[in-house]
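Report on the following structure.
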Amino acid sequence: MSDIPIENFLVLSAVLFGIGFYGVLARRSAILILVSVELMLAATTINMVAFAAYFDHEAFTGVIFAIFIITVAAAEVGLALGIVLRIFRERRTAYVDDASELKW
Amino acid sequence: MGMEQVWLLPAIPAALFALLALFNRAMPRGGDGLAILGMLAVVVLALFVTLDFQSSFVDGKFAPGAEHVYAFEWAKIGDSLLIEFSTYVDGITVLMLAVVSIVTLMVMLYSVGYMDGEPRYGWYFAVLSGFAAAMLMLVTSGNLLLLYLSWEAVGLASYLLIGFYWERQSAAEAAKKAFITTRIGDVGLLIGIILLWRGAGSFDIQEIIEVARGGGFDNFYLTVSMLFLFAGAAGKSAQFPLHVWLPDAMEGPTPVSALIHAATMVVAGVYLVARMMPVFDEVLIARDVVLYVGLTTAAMGATMGLVSSDIKRVLAYSTISQLGFMFVALGVGSVTAAMFHLFTHAFFKSLLFLGSGSVIHGTGVQLVEELGGLWRKLPATTLFFIVGSVALAGIVPLAGFWSKDEILVALQGGAPMPLFVILAATSLLTAIYTTRLVLLTFFGEPKDRHAYDHAHESPPPMLLPMLILTGLSLVAGFVAFEGVGKVLGFAGGIGNVVFTQGDKGHVFELHPDVAIGATALGLVGIVIGFVYWWGRAERAERARSWAPELHDLLVQRYYVDHLYQVTIDKVILGLATVVARFDRLVINDSGVDGTAQGIGFTGFRLKFLQTGRIPSYALAMALGVAVLAIVALGRT
Amino acid sequence: MTTSEGYLLLALPLIPLGSAILLMLTPSGERNAIKAITGLASLAMFIISVYVFFAFDYRGDQFQGVVDWPWLQNAGFLGKNGIQLKVGLDGIAAPMVLLTGIVILSGTWVSWKIQERLKDFFVLLFVLVAGVYGTFVALDLFFWFLLYETAVLPMYLLIAVWGSGRREYGAMKLMMMLVAASILIFIAIFGIFTEAGLGTFDMPALFDAEYGRNFQLVMFPLVAIGCGTLAGIFPFHPWSPDGHAAAPTAVSMLHAGVLMKLGAFGIIRLGFQMLPEGAEFWAPALLTLGIIGALYGAIGALRQTDFKLMTGFSSVSHMGYVFVGLGTLNLIGMSGAVLQMFAHGVMTALFFLLIGALYDQSHDREFNHYSGMARRMPIWAVFFVIAGLASFGLPGLSGFIAELHIFIGAFRAYPLVGALAVLTAAITATYLLRMFAQTFFGEPSPRWSGVGEISWTERAGATVLAISIFALGLWPSPWIDRVAAGLEAGIPEVLL
Amino acid sequence: MNFEYALLIPEFILAGAAGVVLLVDAFRRELGVSRRLIPALAALGALAAGIASLFYADRSTDFAGLIGVDDYTLFFRVLFTVTVLVVILGSHEFIQRNIRHQGEFYALLLVSTIGAIYMAGARELLTAYISIELLSFSLYVAVSLAKDDRRSGEAGLKYVLLGGVASAMLLYGLSLIYGAAGTTSYEGIAAALGDSSVQGSPVLLMGLAFLVGGLGFKASAVPFHMWTPDAYEGAPLPVTAYIAATSKAATFALLLRLFGTGLLPVQDDWQWMLATLSVATMVTGNLIALVQTNIKRLLAYSSIGQVGFMLMAVTTVSDASGSALLLHLAGYLVTNLAVFIAVIAVYNRIGSERIEDFRGLAETQPYLALVITTGLFSLSGMPLLAGFVTKFFIFQAAAEEGFLWLSGVAVIMSTVSLYYYLKVIRQMYVVAPAEGAEGRWRPSLLAYGVTGVLFIGIFVIGLWAAPVLEAADDASAVLFG
Amino acid sequence: MLELLERIPFPQQLDRIVIFAGLVAGALITPVVVVLLALLIFDEITAAELVFWLAAAVIILGALGAVLLPNIVHATLSLVVALLGVAGIFLLLGSEFLALVQVLIYGGGVTVLLLFGLMLTNASEDPKVSDGAQKPFAFLVGILLAAVIAVALVDQRWENTEPVVAPFSTLGERLFRDFGAPFEIASLVLIVALIGAVAVARRDRDEDDDAVEEGESS
């Protein structure tokens, strides 16, 4: 279909993963951390699909995997938001730094 | 009944000890009668043993092979170690048996009067029996290990008896001191025994002697072994520098002093060296050490006895000094002289002790400064005491003369002249302090009227043993002569008795020069004593003020006790403090608690990594995975 | 000893375990029932111990009365006979079993006067005893170690709940040090099992297995320090003074009397019997630590004024002898070590019994505060003196026969060490006699006028121990024969 | 391929039970049933599932190549259903008081058990992943369900956010491994990685690193453990117990099957990772536990320490360490649950999690004190108890594989753990009860029963481990033949 | 519920944001498009490559926006852009179905969900967020991770194969037959998420009647 080497996709995914991880580490808003996690998950789907397309010509497991990842990711966002909402109700904040009563 | 049954001798008092120790409260008079009966039986049995031993005397010798008479395997490990009870009877043994059994019996009899009404009266007799058992076992033992065993047991008995009046702190301290000091010597003894075992492969004395004679030991090794062995003997026999315990041991009841600290236990060291003399003969350096130690002790003891004001302590110093004499004899290889002196000394010294006991019993005072003029009140005691003193001073024809003369003769023949001179001078000193003691105690003016007024003669149970011992002090010396010896049960004279091997048989003969000289010295000493201490003893006072430092040196016992005290306080206890501190601070607090605290503190620090903040948790994860990834790449 | 008598061996750990369970089901208020159960159980243990000791035929096989049941096999790394419940007695263990029987009998009696939580105390105590017995008779390495640890397990609570003084500190230190030491044994056992490669923990099989020399050289120190800590080897002894000072009477008795021997026993079993080459190589080190410990404990004891601390140091010193004996590598010295284990066991148990008897009345362990106690408590004092004399090796008492063998063995190997060992005995005499002079003698202090003679149970317990002291001291051959046979059969490679 | 859905019946039962519980709870008022029925139903469901799973004994088959139905799965099916049963029975009183939405709560527990079982049964990466998520999601929710406890929400937030990150890491790792192997089934991976050219290739190494990171999070291995103490402390006690038991065991079940079969050919590439994590985990967990004052937090760090030991078994993966790990998991679960259920019973009474407040428990409730003590001693590997035997096996197995040093570290840390357990025991036995504390009290009968069974279980495994070990060995044989 | 809806910035506010975002995105992406077109024209790259680079640019820019923009709503929308770019990649890799799913789920579901969340946590009142103190670390770590992975994956010698389009039928078979079981599990996951989110987020209104009932039963 094309002569794009697979490295391109993989490096793209790596960069995306790194950016996502950066977001996780740098952001203070719980929701933005979730956003960053979504980026990381997107990076993995790219990998999955790329590998499926290049190396798994019979089974395409990676594609299936990607579908599951997307599904789970969506569910996770929902679930996490529920918890964020509870925190917000209790503390009037969605900043993760403020949720640090449990430590040591 | 004969030599094979010699084990019965210790067995009887041992059984009595067990019986009396456990049940003395249930017996009439604490079971003293039983103890005395037992001892009487021992004396009789000892006589039988002696007779049996005599019967083996053939051609002026005792038959070899008749000696090793009984053995009982006690513990055994394969071929490598055999510990057995074995008895051995030879002339020395017989001599010792006689001394031990007779003196013990006398002392027991005496104690019936002396100890009457004491608390723990029954316990006293129990321990006396125990002591007798141990001492008899010591002298009949055929191997060094059994000897060591009984050696320790007599030490224990001595400890218990010195500390008999344990409510007195001084008695408790004296008992402790005696035990520890002798124990230090015993370390040497045990080391010596084991070293000999290591070389000879056996604890049996005769086998060791065989090996030593056959050159089975390295000379240096044997010297060291024998020196260790001698350390034990010196400790037990209160030889310099381990003599310090004996004067303090006078805290015990006086009969005990007579028995243990004059006649029997303290001569165990002499006995041991005499017993091992064939080995000492192989290593003359060790023998010389014995000689010099003995000489030093003899002189020191005599000088210290010169100034002591406690009647029993004077006798104790005298004992130390006389033991020194015996070691001098051993040091020149004359077992005969040593054993002879041991034999006679046992009688007159125990007599002296019993006499002093009689004084103490009668007056309740034992400082000579507070006594005086007692001859009017205690005539019998005075008489006995004087006989004993004369014997001690070495005046013809009392027991002490013969044996001391023998020692001087031996020294004259076997050692340089100066040594002889020193010993002779010591002999002079002996006469002086003896005279001093007698004069201050029994003559002159009573210094403490109260004590004097209440003084009374001792009861017959006390006088009887003293009488018997007085008789022995008068005649014991004559065993030296073959004829007399035979009558008394020592065939061939004492010289033959103590040398059972027969190759060094020694026939007693009087050396007129030495004999006359010694007697003269004794007489001179007595005269000097009279000059200084007769009446109010002003000359003695003057002499004291003439050389106060010297007097002080003697009163302070050459500062040996001080030296020990300082050593114990500063060095040993200092070391102990260091060890105790080291244990707490370094090992415990730093090593153990420190490790625990270190771990705990690490945990305390680590917990702050757990900040409670999600980003830092995520950072930890990121770093973790990054490290894993990087190391993974780096590995290939 | 027949196989059927092996069931008696099995009964030794099972009786205390069963009694512990029975006790748990007994209501705590029923003191008499508790006393009855414990009394019977300890008596049964004592009788069995004495019986198996004498039933052991020292001319017979190395291990006698061997019985086994399969427990786990053919699973994981376990092959045939992987782990068996296997018991048997050899000449080394026989005196230890006897020792345990003696100490637990008297320990039980003197513990009856405990007022608080008597039941819990005995449950824990009996679990401990089960561990001790088990270790001595187990012939499976897994069970051996399991029971070894079991003997340590109840220690913390026993000391922390029923102890005195700095009990929590002492308990925690004792527990942590002993368990920390077990780490090394753990590692050694893993190593041994792996190196043997037999897939079985059967000890006789492991004794016979081949181990590489380097392996042995590495593993032996682990065993020596691991077990040695329990045996109070210098410098891993600090738990001993503090732990003993804090522990209640019966626990001190058992711990100093028996548990410390467990450590030395472990060194023989694991160290000498399994790793003979390692033992040979490291024996001088063991000997050195032993003699240092002996001197160190004795000198340290000179400065102590607390009964229990002094006895604690004294234990270090006496256990030092054990290591000296083991380090000599000759039959005499090693026999002496085992004898010393027994001798020190009964002697120190008697010490702790008597100290406990006094402390319960006076609540003061400083012996400088006492004087003339022989007047107030003559029987107590007599027992104390017996223990003391045994402690510094007076002939005729247990200590002498043991120490003599050790001295002889040491002289045979290293005369200097032997001389130091003998010297230590003199130091021991010094501190004990100082204590005697201070405590028993002198004018009776009015301060303790309320202190009376020890109770009948204590007298009975002390009598049992004193009889044992005399028995070994006067008639040692039953012990020596068994021990020597056990050592000769167990470690022929090592003996010089 | 085998699509026999009957093989999955136990999970259907669990799911069905969860549905029934939800429905009954929702229409409780309409049906007019007591709320006590809900835990009873849930327990019945768990019990039924457990019994049903027994019918698959000695089977060696799989569902569609995705889920193994073999002894290994069986082992964990039983283990997990028993665990959930115990948690339900042992803590229903607590749940009634301190958890909101009980119907949902019980349903979540049941559903999460399915996830746990499939983590053990999964023979394929996708199935494994989705099972992990099923379990994790349930736990995210369960952690946050405590009533009137601010810590619960915080714990949930930390768990879910970090869990998301970990999932991403895990998935990234899975994707790379998929890329390296070209397939997601364990057999396929094993076959593909048997090729030496793949071994040590960068993509594989990256995949392994991220996989270990992601699974390390689920297993709470240091440094991916950070959520654990907070989540344990914030979660309601039964959930803490459940996480400590099921979640951890399931993760290890998955780890063992994945690393023991699929990734076995590239052992050299991941062994050091696990060994490192193992050491870091046991050291960190046990050391920090030394300074804890809250019983839940203490148990959290202690469980982290325990993870180190289990990781050791995975590191040295072999037939022996496999069965040892399974044995250890069984023993650990029984012990841990005993401690937790007893702590729950105490908490029901005293309402505090502080260790200090346990003081004098031996006076006021000697039975529970005994159970907790036994459990803690067992956790620290004291003999006669399960912990000794299982740890012994796991350490020995590591030693057998040449990791004697690792065993050594493990034993040392095991000893350190004893110290903080003793601190708890000290409070109960040595310290007198607080002034004004009530006298003796009794826990509920059910608490007696459950803790009693577990208490006996600790001893049974400690003294007669043969049945469990044989089961574990059979299970391990599935992987290692 | 009504009052909740009113708080959502829809349509006016969102309109503005979308328009503004579109302008910014266009401004950023236009040079990229121009360069790529130029390269295409000069035959330096193929059409497929052009799509790839374009999508990559969108993804990277979107992702950067998502993690860098201080306005929380902007960041969320930026995420949508990035995810749409990922859908482009899927297309390029021949997975039209997946691209569809991606657009539907992310563009539709997730975004709306996130926005809901934002609004419920009062983001509309204070949309600006500050970043954490460990931002520099985060930056380094992000770069490090990306670099390590990228280096490793480039270092790998990949087989030279062509990407293949996954036939729909195959995907269907795989998804609904072969992976039926995970599919079922996934449904459970979704249910759990659903129930869980509700259970956690719902105010504890039923607690009162719980208490009542407890009172009755006890």
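Reminder, nothing fancy here: chain letters follow the sequence lines and each chain counts from 1. Please read these numbers as outputs of a predicted model, since none were measured by experiment.
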Between [X] and chain E, with a heavy-atom cut-off of 4.5 Å, which part of the residue counts as in contact: side chain, backbone, both or neither?
| X | result |
| --- | --- |
| E11(D) | neither |
| L134(D) | both |
| L176(D) | side chain |

Main chain of [Y], side chain of [X]: is a donor-acceptor contact present, judged purely on distance under 3.5 Å?
| X | Y | value |
| --- | --- | --- |
| S167(D) | G163(D) | yes |
| E49(E) | T46(E) | yes |
| D269(D) | G200(D) | yes |
| E159(E) | T161(E) | no |

* Steps toward side-chain contact (heavy atoms from CB on, under 4.5 Å) verdict (Y242(D), T113(D)) -> CA-CA 10 Å; Y242(D) 188 75; T113(D) 303; 2.9 Å; yes

Could you tell me which of [options] has the largest number of non-hydrogen atom pairs under 4.5 Å with chain E?
| options | answer |
| --- | --- |
| S152(D), S201(D), S144(D), A64(D) | S201(D) |
| F3(D), F63(D), F105(D) | F3(D) |
| Y129(D), Y172(D), Y5(D), Y140(D) | Y172(D) |
| L135(D), V203(D), I67(D), L108(D) | V203(D) |

* Asked: Which bit of R157(E) is near chain D, if near means a heavy-atom gap under 4.5 Å: side chain, backbone, both or neither?
  -> neither

* Asked: Where on F179(E) is there a heavy atom nearer than 4.5 Å to chain D: the side chain, the backbone, both, or neither?
  -> both

* Leading residue by heavy atom contact count with chain D [cutoff under 4.5 Å; candidates L153(E), I149(E), D155(E)] ->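 Looking at each option in turn, the highest pair count goes to I149(E).
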
* Asked: For E30(D), does the CD atom have more than 12 heavy-atom neighbours from other residues, nucleotides or ligands under 6.0 Å away?
  ->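 More than 12 heavy atoms, drawn from other residues, nucleotides or ligands, come within 6.0 Å of this atom.
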
* V111(D) and I191(E): side-chain contact (heavy atoms from CB on, under 4.5 Å), yes or no, with the steps? -> CA-CA 10 Å; V111(D) 171; I191(E) 291 173; over 6 Å; no

